[in-house]
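Notes to accompany the following structure.
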Amino acid sequence: MRYIAALLAAWLVVPVVSCGSQPADMQQSDDVLVSVGDSALTVAEVLRRMPAGLSPADSANMFERIVGHWVRDLVLLDVAEKNIPDPDRIERMVEAYRNGLIVDQYLSTVSEHAVDDVSEKRIKEYFDSHRGMLVLEQPLVRGVFVKVAENDETLDNLRRWMSRLSDEDVDNIEKYGLRQASRYEYFRDEWHEWNVIAEQIPYRFFDADAFVSSSADFETSADGSVYLLHISDYITSGNEMPYEFARLKIREILRAADVASHRDRLMDDIYRDRIRSGELRPGLYDPVTRTMKVSAEKSRN
């Protein structure tokens, strides 16, 4: 693990060029991690697959996983190709999967562009008729969240401004209190789900509802940073969603339904067109109505 961390530190200071698809003999020997047949995995290729912002320990763990999976997949692929009983079945499954992806992509693209945006009137009607179903599974909060360095010279002022949070205090926070801040969120005018805020704070909140209803101001520190949270308003779980929060979820529900409906109509139109041209010939199954027909022999019985 320590060797991998050192390797990553050394490689991250040089330009990363992906060359994992080149044959092994075309790679620089000090870049190649491992080779399987004509395929070679390089340090540069692994680094290209890794997301930015990981800690040294997480980077080393992911590096090991990527390398391990690459070796496993190529070695097992060679073994499997020589020993599977029905390779043609695999080819048919791959072709079916590929065809499905192409069709789904086409239908999604066409339908997304063809469907109009959901009107506010429809959203409000849905909200009024489904209030009993639109219930919070976790608390909603409004407030302000700041993450600053422990040695921030404005920390005491930040604590005071955060606890009062008048309009003047907010101005002071934004003008003077954020010079060393690495995170600032002002959400007094919109509801946030509690876990969106809690996930940014290195603290275990055992009972979210009890916490938001009893802790207007909260502070904790970890790894050289101080986390300040002021909750100006809250709604505990089990209560009805406020309209301004529910409307975004309702819009997604209605738009998804509109897209699905358009896809069905599009497919029906395509089926009818192909039936008229003679390319599509229904037998016992009618693709337009999506029903089975009763055969003449069964209808006589």
Handout entry: Cluster overlap Leu77 with Leu41, hydrophobic side-chain contacts below 4.5 Å
Key = no
Practice task
Would you please test Ser166 and Asp169 for side chain to side chain donor-acceptor pair (under 3.5 Å) and show each step?
Solution key: CA-CA 5 Å; Ser166 65; Asp169 293 320; 2.9 Å; yes
Practice task
Decide yes or no on side chain to side chain donor-acceptor pair (under 3.5 Å) for Asp223 and Ser225, but give the supporting numbers first.
Solution key: CA-CA 6 Å; Asp223 300 325; Ser225 296; over 6 Å; no
Completion exercise
Separation between CD1 (Ile270) and CG (Leu107), nearest 0.5 Å, reads 6.5 Å
Handout entry: Pairs meeting criterion salt bridge (charged side-chain N to carboxylate O under 4.0 Å, His left out) with involvement of residues 207-219, two or more places apart
Key = Arg159-Glu219
Exercise for the section: Classify the ring geometry between Trp194 and Phe211 as parallel (under 30°), tilted (30 to 60°) or perpendicular (over 60°). Expected result: tilted
Problem - Any side-chain heavy-atom pair of Gln200 and Lys147 under 4.5 Å - result: no
Exercise for the section: Could you check if a side-chain atom of Leu33 sits within less than 4.5 angstrom of a side-chain atom of Phe63, using non-hydrogen atoms only? Expected result: yes
Problem - 4.5 Å side-chain heavy-atom contact, Asp258 and Arg122 - result: yes
Exercise for the section: Decide if atom CD of Glu244 counts as having more than 12 heavy atoms of other residues, nucleotides or ligands within a radius under 6.0 Å. Expected result: yes
Practice task
Kindly indicate whether the side chain of Ile197, heavy atoms from C-beta on, has any atom under 4.5 Å from the side chain of Ile231.
Solution key: no
Practice task
Check whether more than 12 heavy atoms from other residues, nucleotides or ligands sit under 6.0 Å from atom CG of Asp167, and answer yes or no.
Solution key: no
Exercise for the section: For the residue pair Tyr186 and Tyr184, categorise the inter-ring angle as parallel (less than 30°), tilted (30 to 60°) or perpendicular (more than 60°). Expected result: tilted
